[in-house]
Amino acid sequence: MPVFAHPPGRPVVAFQRVTRAFGSRVALLDFTVELQPGVVGLLGPNGAGKTTWLNLAAGLISPSSGQVRWLGELGRRDPGLDNRINLCTDNDQMPRRLTVLQWLSGMLRLSGCPKSYAWQRAEQMLDRLGLDAKKDAKLETLSRGQRQRVKLAQAFALPATLLLLDEPLNALDPVWRREVAALMHEAASAGASVVVSSHILEEVEALASHLVLLFKGRLVAAGHQEDIRDLLHNQATLLKISCSDARALARELLALAPVTLVRVDSAGNDVLTVQAADAEALCRALPQAVLASGVAVSRVDTQGDDLVSLFAALAAEVR
Amino acid sequence: MATSSFSLTDVSWPGYLSMASAIALHTSQHLRNTLTLRRMWPYLLLVALPIAAAAGLARLSIDDSSTIGRFYQHFAMRALALCALGLGVAAIRDDAEAGALPLLLLKPRAPVALPVGRLIAVAILVCGLGATMMAGTAGLMLGTLYSPDVGYMTRQVLAALFGGFAYAGIFLGMGAVFKAATGFGLGYLVAVDLLMAQWVDLAAKLSPSVYIGTLVQTLPGKELTAANTAAEMPGALAGLVLLGLAGGGVAVWKCRGDGV
């Protein structure tokens with residue numbers, strides 16, 4: 001049986017108008033998205049609903065309304081499908097007194113691996129993730145980064161069609177980030193859909209070809225990374241400029257096409273705030289405007305370009 | 001970094017672990033993780049208290065036949081219930097609070113195996129503590145005024161074992177359902193098991209201490225006779241088993257549903 005095969009054309013997982021509430025709190029609202037094989041970044045600030053999305057995709061919780069389909073099927077009734085969804089949670093709570101090998105092989109055995117194979121596979125995975133020397137160490141003695149690698153070893157040890165990784169690069173140093181990224185691409189090139197959740201835009205951009213953006217439980221954008229990047233760059237941007245003569249610089253900036261608003265700080269004549277519809281166009285035009293005004297600029301700060309602001313702007317557009 | 005023998009795709013397709021093996025694995029892992037001095041010392045202390053009290057009681061030699069009954073019913077069994085409270089609540093609640101349950105409950109891992117395995121592990125721990133307590137107290141009272149006879153101590157040991165199982169199940173179930181399970185458990189011990197069980201019929205049915213009292217024949221107004229004991233023992237044992245299973249059943253229900 002081909003390990004990662006799934007029916008061509010069918011999304012690995014599809015959310016159709018999924019809403020999930022916990023009591024009166026709505027964690028995910030009217031969410032529709034389809035995932036194909038490849039590395040997909042699930043991006044959103046803390047509290048956006050990423051973990052709820054992952055738990056729904058894993059079939060651990062059910063939607064309050066709407067449907068989740070795996071390989072086109074409703075529910076996880078196909079026993080073969082059960083073996084094809086792996087998960088790496090974002091917590092590092094593991095039985096502290098067990099050794100690395102005992103825990104990992106135990107998890108593989110619970111997934112249905114015969115005992116001897118589970119031990120062999122666990123050793124292979126620990127070897128790949130640089131933990132071969134730690135296999136007999138108790139989990140409580142490992143550093144956070146090492147525990148993260150043990151969790152990832154568990155997620156990658158079994159073949160998967162859908163691999164759900166919640167903040168997988170937390171606590172990893174650059175060497176192991178590269179190695180884990182390589183593992184993700186290996187799985188994706190074998191036909192798996194690898195979902196990487198994070199709240200760090202740059203981290204996911206480096207890994208994923210496709211992005212799904214969540215904000216306050218709502219889907220704000222989904223698609224190829226370049227399309228999402230364009231969407232983000234088209235958001236209004238605020239620059240705060242400290243200079244020797246704010247009014248002189250404001251006159252030059254108001255003549256620029258992308259600038260929509262210029263405000264001189266009322267406290268003095270040395271700080272102004274500039275709003276532009278196109279951040280890139282403003283950044284290209286700014287040096288020329290500074291030279292033309294003849295003022296000395298001591299500092300330029302961007303405002304509203306952090307992830308939360310960008311997501312808030314996108315969410316406002318969706319509404 | 002040795003990668004030569006590694007392949008993500010060249011792996012055999014796993015089968016399914018039988019339910020019994022999965023339960024056994026969860027039981028052994030939980031026991032291995034819990035049976036350390038660092039985690040067990042509060043419970044060992046709780047068990048040492050009745051043993052120490054028994055030693056003192058034996059030497060006081062108060063000539064009151066009900067003293068020993070009250071000692072077991074109201075002191076030793078309470079200490080055992082507190083052990084079950086700590087161990088039972090932590091068995092699932094700790095993982096739930098830490099967000100570790102999704103990994104343990106994700107299919108193809110059988111979600112039923114986790115609570116059942118943990119229930120067995122907690123029951124083993126609590127019953128082990130109960131047996132230690134009984135052996136300690138009986139040993140220290142041998143040759144004194146309270147020197148226990150075999151029949152009496154058999155009923156006490158049965159009460160400790162079956163009562164331990166009942167409390168373990170109840171508190172495991174509470175730990176699976178409630179965030180503040182320790183508070184709920186203490187409330188249950190005081191309000192239902194200790195007070196309401198004396199007057200309210202439903203509370204008496206949900207109270208292990210009433211079944212334990214029946215088993216060791218220390219309920220008020222009961223005459224300690226062989227006939228009474230023989231007639232009521234099976235019902236009391238069954239009541240304790242059912243309470244333990246009901247608690248375990250709640251944990252299973254919680255883990256099978258949205259257990260995360």
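Chain letters run A, B, ... following the sequence lines, proteins first and then strands; every chain starts at 1. Here the structure is a predicted model, which means the values were calculated and not measured.
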Trainee: So for B:Leu25, is it side chain, backbone, both, or neither that comes closer than 4.5 Å to the heavy atoms of chain A?
Mentor: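 Contact with chain A is through the side chain of B:Leu25 alone.
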Trainee: For a quick test of reading the model, state the closest non-hydrogen atom pair linking A:Pro95 to B:Asn33 and the distance between them.
Mentor: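 Where A:Pro95 meets B:Asn33 most closely, the heavy atoms are C-OD1, 3.3 Å.
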Trainee: Any chance you could measure B:Leu106, atom CG, to A:Asn86, atom CG, to the nearest 0.5 Å?
Mentor: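 With rounding to 0.5 Å, CG (B:Leu106) is 7.0 Å from CG (A:Asn86).
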Trainee: Give, as side chain, backbone, both or neither, the part of A:Glu140 having an atom under 4.5 angstrom from any heavy atom of chain B.
Mentor: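 Only the side chain of A:Glu140 comes within 4.5 Å of chain B.
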Trainee: Is there a side-chain contact (heavy atoms from CB on, under 4.5 Å) between B:Arg38 and A:Arg96 once you walk through the steps?
Mentor: CA-CA 12 Å; B:Arg38 199 168 60 189; A:Arg96 300 166 61 82; 3.9 Å; yes
Trainee: Select one option (side chain, backbone, both, neither) describing which atoms of A:Met94 are under 4.5 Å from chain B's heavy atoms.
Mentor: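 Contact with chain B is absent: no heavy atom of A:Met94 under 4.5 Å.
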Trainee: What's the spacing between A:Leu98 CG and B:Gln29 CD if we round to 0.5 Å?
Mentor: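 The CG atom of A:Leu98 sits 5.0 Å away from the CD atom of B:Gln29.
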Trainee: Within a strict 4.5 Å, meaning less than it, do heavy atoms of the B:Thr34 and A:Arg97 side chains meet?
Mentor: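 No, their side chains stay 4.5 Å or more apart.
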Trainee: Under a 4.5 Å heavy-atom cut-off, does chain A meet the side chain of B:His26, its backbone, both or neither?
Mentor: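 Looking at B:His26, just its side chain touches chain A.
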Trainee: Working to the nearest 0.5 Å, report the span between CG of A:Asp166 and CG of B:Leu103.
Mentor: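 If I round to the nearest 0.5 Å, the distance is 11.0 Å.
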Trainee: Enter the distance from A:Leu60:CG to B:Leu104:CG here, rounded to the nearest 0.5 Å.
Mentor: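 Going from the CG atom of A:Leu60 to the CG atom of B:Leu104 covers 10.5 Å.
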